[in-house]
Amino acid sequence: MRAAIYREFAGPILIEDLPDPEPPIDGVVIEVRASGLCRSDVHGWEGHDPDIELPMVPGHELAGVVHRVGADVRNWSVGDRVTVPFCCGRGVCEQCVSGNTQICDNYFQPGFTAWGSFAELVAIPAADLNLIGLPDRLDFPEAAILGCRFVTAYRAVVERGRLAPGEWLAVYGCGGLGLSAVMIGAAAAARVVAVDINEEALALARRLGAEASINAGSDDVSDAVRAVTGGGAHVSIDAIGNAEVALGAVLGLRKLGRHVQAGLLSEGPTPLPMDVVISRELEILGTHGMSVRSYEKVFALIEELDLARLITHRLSLDELPAALEAMRSFSGAGVSVVTEF
Ligand SMILES: [Zn+2]
Ligand SMILES: [Zn+2]
């Protein structure tokens, strides 16, 4: 198979011919038709993820067609159109049994714990648990970007943040995750304020439903959010993963507000104003992907939304290395997806 591979952290990403994967006995090999570029691919490549053993084929937001099936798989056949959540469960541990596959004790993450989807083929274990059949109307690129950022945003905003109609949602960082949160917040009839330092990303956020936007480069962010929202956001999401951003997001909440940390904080422990958490009775919540059980709700939601509006670049595999390199600088707006392998 053709695939992208790196052999050292932050080293060159090469497009090579590699051996085809075999299906695990309980899993499948998927022929990848679309694979989204996510900031966590950049984190992993830069060496910030302890799960990664070199060499690594990155890529974890995928959709495609079942290509080969392991002997123990009951529910899937060659030719089925499928996607998977970026964090797959094995189906055995306490978390999986309670339906929380996204925090499986022995999780499988393509592109992190095993070779991923910037490749013609990718192997996925526990297929009967993890595969999700695609509705006919959903194209592969849109299905692919559900896999990490959109479902993470859904769990953050709806399931963890419990955003209610009429409430204010403050979205910090308008990359793929943040823009997904903007769309989900607007679809939930909430009022959305988008925060970023990139005017192009803020303009896209406004087109996707943000009522207000704040340039974090020029304003004191917490004060600006509290002014725009009349006292503070009800729910905030750090969609970047930065200690200063997380702190500002917590300070920008109103009393009884909920902060959801979705962006990865790769720098280690993050100081938070616990005095403010107490005095305003705030909630600090983490989120890590989304359970496979919630996909039906997401499919129902995206009936109303045009996910293709998030996708600004469709790339070939050969264009991937330069595109990942460019993501390191946080420039541009919207989501890129590899659609040619
Ligand atoms: Zn598990
Ligand atoms: Zn991701």
Side-chain angles (χ1 to χ4, degrees), residues 9-10 36-52 58-61 85-87 102-103 107 109 111-112 145 147-157 159-161 169-182 184-185 193-198 201-202 205 214-217 221-222 225 233 235-253 257-273 277 282-290 310 324-336:
F9 292 120
L37 279 67
C38 174
R39 184 143 307 280
S40 19
D41 294 313
V42 178
H43 280 301
W45 170 42
E46 289 178 334
H48 300 156
D49 194 303
D51 286 334
I52 294 180
H60 60 282
E61 273 193 348
F86 79 90
C87 195
Q102 78 282 4
I103 48 170
Y107 59 86
Q109 248 179 274
F112 295 86
I145 64 168
C148 172
R149 285 164 292 184
F150 197 86
V151 300
T152 298
Y154 179 85
R155 177 151 176 82
V157 169
E159 297 187 341
R160 300 294 274 161
L169 169 69
V171 177
Y172 296 82
C174 294
L177 176 61
L179 291 172
S180 298
V182 168
I184 292 162
V193 53
V195 182
D196 204 291
I197 54 172
N198 176 342
L202 289 174
I214 292 168
N215 191 318
V221 177
S222 309
V225 167
V235 177
S236 63
I237 171 172
D238 172 5
I240 299 175
N242 174 283
E244 206 177 315
V245 171
L247 172 63
V250 172
L251 292 174
L253 286 172
R258 287 89 71 194
H259 172 70
V260 189
Q261 188 62 41
L264 300 172
L265 287 158
S266 51
E267 309 294 320
T270 305
L272 287 178
V277 172
L282 305 180
E283 292 177 56
I284 309 290
L285 302 157
T287 197
H288 189 254
M290 185 190 81
L310 277 174
L324 281 178
E325 179 67 46
M327 280 182 85
R328 296 172 97 172
S329 67
F330 289 88
S331 61
V335 167
S336 301

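For clarity, every value in this text was computed on a predicted model and none was experimentally measured. Basis for what follows: all heavy atoms, side chains included, without hydrogens, waters or symmetry-related copies.
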Tell me, please, which residues at least two apart from Arg39 pass salt bridge (Lys or Arg N to Asp or Glu O under 4.0 Å). none

When rounded to the nearest 0.5 angstrom, what distance separates CD1 in Ile52 from CD in Glu46? 10.5 Å

Please find the pair of heavy atoms, one from Thr152 and one from Ala262, that lie closest to each other, and give the distance. CG2-CB, 4.2 Å

For the pair Tyr107 and Asp51, evaluate side-chain hydrogen bond (donor to acceptor under 3.5 Å, both in side chains) and give the outcome as yes or no after the intermediate values. CA-CA 10 Å; Tyr107 59 86; Asp51 286 334; 2.7 Å; yes

To the nearest 0.5 Å, tell me how far Asn198 CG sits from Ser329 OG. 9.5 Å

The side chain to side chain contact (heavy atoms under 4.5 Å, CB included) partner of Leu282 among Leu251, Leu272, Val250 is Val250

So which heavy atom on Ala181 is nearest to which on Ala153, and how close? N-CB, 3.6 Å

Nearest 0.5 angstrom please: Ser40 OG to Gln109 CD, how far? 7.5 Å

Can you find a pair of side-chain heavy atoms, one from Val171 and one from Val195, that are under 4.5 Å apart? no

Parallel, tilted or perpendicular: which describes the rings of Phe112 and His60, with under 30° parallel and over 60° perpendicular? perpendicular

So, for Cys174 and Leu202, which heavy atoms are closest and what is the spacing to 0.1 Å? SG-CD2, 4.4 Å

Where is the tightest heavy-atom contact between Leu265 and Ala243, given as atom of each residue plus distance? CD2-N, 3.6 Å

Give a yes or no on this: more than 12 heavy atoms of other residues, nucleotides or ligands lie within 6.0 Å of atom CD1 of Ile197. no

Distance in Å, Ile237 CD1 paired with His259 NE2, rounded so as to fall on 0.5 Å steps: 8.5 Å

Of the non-hydrogen atoms in Val225 and Ala170, which two are nearest, and what is the gap between them? CG1-CB, 4.1 Å

State yes or no: are the ring centers of Phe86 and His288 separated by less than 6.0 Å? yes

Would you indicate whether the side-chain heavy atoms of Gln261 and Leu285 approach each other to under 4.5 Å? no

Side-chain touch Tyr172/Asp196, heavy atoms, less than 4.5 angstrom: no

Measure the spacing between CG of Leu247 and OG of Ser222 and express it to the nearest 0.5 Å. 7.0 Å

Does Val157 form a side-chain contact (heavy atoms from CB on, under 4.5 Å) with Val235? I'd like the steps, not just the answer. CA-CA 8 Å; Val157 169; Val235 177; 5.8 Å; no

Applying side-chain contact (heavy atoms from CB on, under 4.5 Å), run through Arg160 and Arg258 and close with a yes or a no. CA-CA 9 Å; Arg160 300 294 274 161; Arg258 287 89 71 194; over 6 Å; no

Evaluate side-chain contact (heavy atoms from CB on, under 4.5 Å) for Arg328 paired with Trp45, printing each intermediate quantity in order. CA-CA 11 Å; Arg328 296 172 97 172; Trp45 170 42; 3.8 Å; yes

To the nearest 0.5 Å, what is the distance between CG (Leu264) and CG (Leu177)? 9.0 Å

Evaluate the side-chain proximity of Val277 to Ile284: yes if any heavy-atom separation is below 4.5 Å, no if none is. yes

Do Ser180 and Leu310 pass the side-chain contact (heavy atoms from CB on, under 4.5 Å) test, and can you show the C-alpha distance, the side-chain angles, and the key distance before you say yes or no? CA-CA 8 Å; Ser180 298; Leu310 277 174; 3.7 Å; yes

If I compare all heavy atoms of Ala194 with all of Ala205, which pair ends up nearest, and what's the gap? CB-CB, 3.7 Å

Output all residues satisfying salt bridge (Lys or Arg N to Asp or Glu O under 4.0 Å) with Glu244, sequence neighbours left out; order by chain, then residue number. none

Looking only at atom types and distance, does a side-chain atom of Glu61 sit under 3.5 Å from a main-chain N or O of Arg149, one as donor and one as acceptor? yes

